[in-house]
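Here is how names work: the chains are called A, B, and so on, in the same order as the sequence lines, proteins then strands, and each is numbered from 1. What you see is a predicted model; the values in this text were computed from it and never measured.
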Amino acid sequence: MPELPEVETVRRDVSLRYAGHTLVDIAVTGRRTVRRHPPTELARLTGQRLVGVGRHGKYLLFEWEDGRVLVVHLRMSGQLLAAAAGDPRALHTHGVLVFDGVGELRFVDPRTFGELFLATPGSGTGPDAGLPALAELGHLGPDALVVDAAHLQAALARRRAPLKVVLVDQRALAGLGNIYADEVCFEAGLRPDRAAGSLTPEEVGRLAGSVRTVLEAAIAGRGSSLRDLQYRDLYGKPGRYQLDHKVYGRPGLACPGCGQPVQRVRMGARSAFVCARCQR
DNA sequence: ACAAATACCTGTAAGC
DNA sequence: TGCTTACAGGTATTTG
């Protein structure tokens, strides 16, 4: 499932390959792929040069020379794949962007949760890192890669919800999902089912450091691909950070820290993986 | 006001 | 073996 490290890996590769090139055609065939406005509006991007690719949380921002922004969210099973014009089209290919000189960028998404839309610029306050302010992303908290302890403290304070629930809440912090929330909690030595507001300032500081550490390591590993290989990079290759998961998806296996079996704990409809000895 | 449940999907795996 | 069912999960929306 693409979370921040996977989206960031795709962002870097897409930017390297397509930035500076001009869109010569865009075709969206998926019925659900563009659902916030008429899909035909995307045609107005043709002729525009892609000036850069940004990211806020799990959202990719394709920035064009006229200031317009095409937002892409991969959700559960979306992939962006580089392809040449003649390459056979993978099943569930819902969109194709054709660039001058560098071939196609294809959007493939079996579960069809992913989406593309043209954002509305200029409204609300933007995220820090030089990204455009977009009305549709105004609800997002700060990007998890640049969050600091002070913000985390404020986001967690007085909240009775479990720590993990707050960590995956994109309004509090943008970018963490199921995998990295569990891994971050383990790295910080904190149980995901602790009440968020019960963390001491020292624990919040540890948590902030762990968010950064885990995400940077995961990006270095080009993200996590699970058994279903739903996450693949721009060139169709899986990530390798799943090999470094300490607790996620490892129930009954030895905790790398102490050797005790990792437990699966139910948290509402979802579950979390935790080491009862290493996490308090 | 916030919190929990649900809808949206398909592929895979487990269960019978 | 072949069928049915459960599960995976991010976000918007609905319900509590």
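- In this structure, A:Lys164 atom NZ and C:dG9 atom C1' are separated by 10 Å, rounded to whole Å.
- Axis angle between the ends of the helix from B:dC2-C:dG16 to B:dC16-C:dG2, five pairs each and rounded to 10 degrees, works out to 60°.
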Nucleotide N/O to protein N/O under 3.5 Å, stretch nucleotides 12-14 of chain C:
| unit_1 | atom_1 | unit_2 | atom_2 | d |
| --- | --- | --- | --- | --- |
| C:dA12 | OP1 | A:Tyr59 | OH | 3.3 |

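- For the pair A:Arg111 CZ and C:dG10 P, the interatomic distance rounds to 10 Å; values are reported in whole Å.
- Here the P atom of nucleotide C:dA8 and the CZ atom of A:Phe113 are 14 Å apart, to the nearest Å.
- Checked by atom type and distance alone, the side chain of A:Gln79 never pairs as donor or acceptor with a backbone atom of A:Val108 at under 3.5 Å.
- Shown here for A:Pro2 and A:Leu74, the closest heavy-atom pair between the two residues is CG-CB, 3.9 Å.
- The OG atom of A:Ser198 sits 11.5 Å away from atom CZ of A:Arg191, with the distance rounded to the nearest 0.5 Å.
- Taking atom NE2 of A:His56 as the reference point, atom P of C:dG10 lies 16 Å away to the nearest angstrom.
- Rounded to an integer number of Å, the gap from CZ of A:Arg264 to C1' of C:dA6 is 12 Å.
- Separating the NZ atom in A:Lys246 from the CZ atom in A:Phe186 is a distance of 7.0 Å, to the nearest 0.5 Å.
- Ring geometry for A:Tyr248 against A:His245 counts as perpendicular: the plane angle is over 60°, on a 0 to 90° scale with 30° as the lower cut.
- Residues A:Leu145 and A:Tyr231 are members of separate hydrophobic clusters, defined by side-chain heavy-atom contacts under 4.5 angstrom among Ile, Leu, Val, Met, Phe, Trp and Tyr.
- Residue contacts shown for A:Arg159 are limited to sugar-phosphate atoms, with no base heavy atom under 4.0 Å away.
- Nucleic acid contact class of A:Arg32 (heavy atoms, under 4.0 Å, all strands): sugar-phosphate only.
- Taking the six-membered ring for Trp and thresholds of 30 and 60 degrees, A:Phe99 and A:Tyr18 have ring planes inclined between 30 and 60 degrees apart.
- No chain of hydrophobic side-chain contacts below 4.5 Å, direct or via other Ile, Leu, Val, Met, Phe, Trp or Tyr residues, connects A:Leu50 to A:Val98.
- Side-chain N/O atoms of A:Tyr231 include none lying less than 4.0 angstrom from OP1 or OP2 on C:dG9.
- Note: CG (A:Asp182) to P (C:dA8) measures 12 Å, nearest angstrom.
- Minimum heavy-atom separation, A:Asp143 to A:Gly57: OD1-N, 2.7 Å.
- Side-chain contact annotation: A:Glu187 with A:Tyr180, donor-acceptor N/O pair under 3.5 Å absent.
- Under the salt bridge (charged side-chain N to carboxylate O under 4.0 Å, His left out) test applied with A:Asp233, the options A:Arg12, A:Arg222, A:Arg17 reduce to a single match, A:Arg222.
- Heavy-atom contacts of chain A under 4.0 Å fall on DNA chain B between two terminal nucleotides, which in 5' to 3' order are B:dA3 to B:dG11.
- One can place NE2 of A:His73 at 4 Å from P of C:dT11, the figure rounded to the nearest angstrom.
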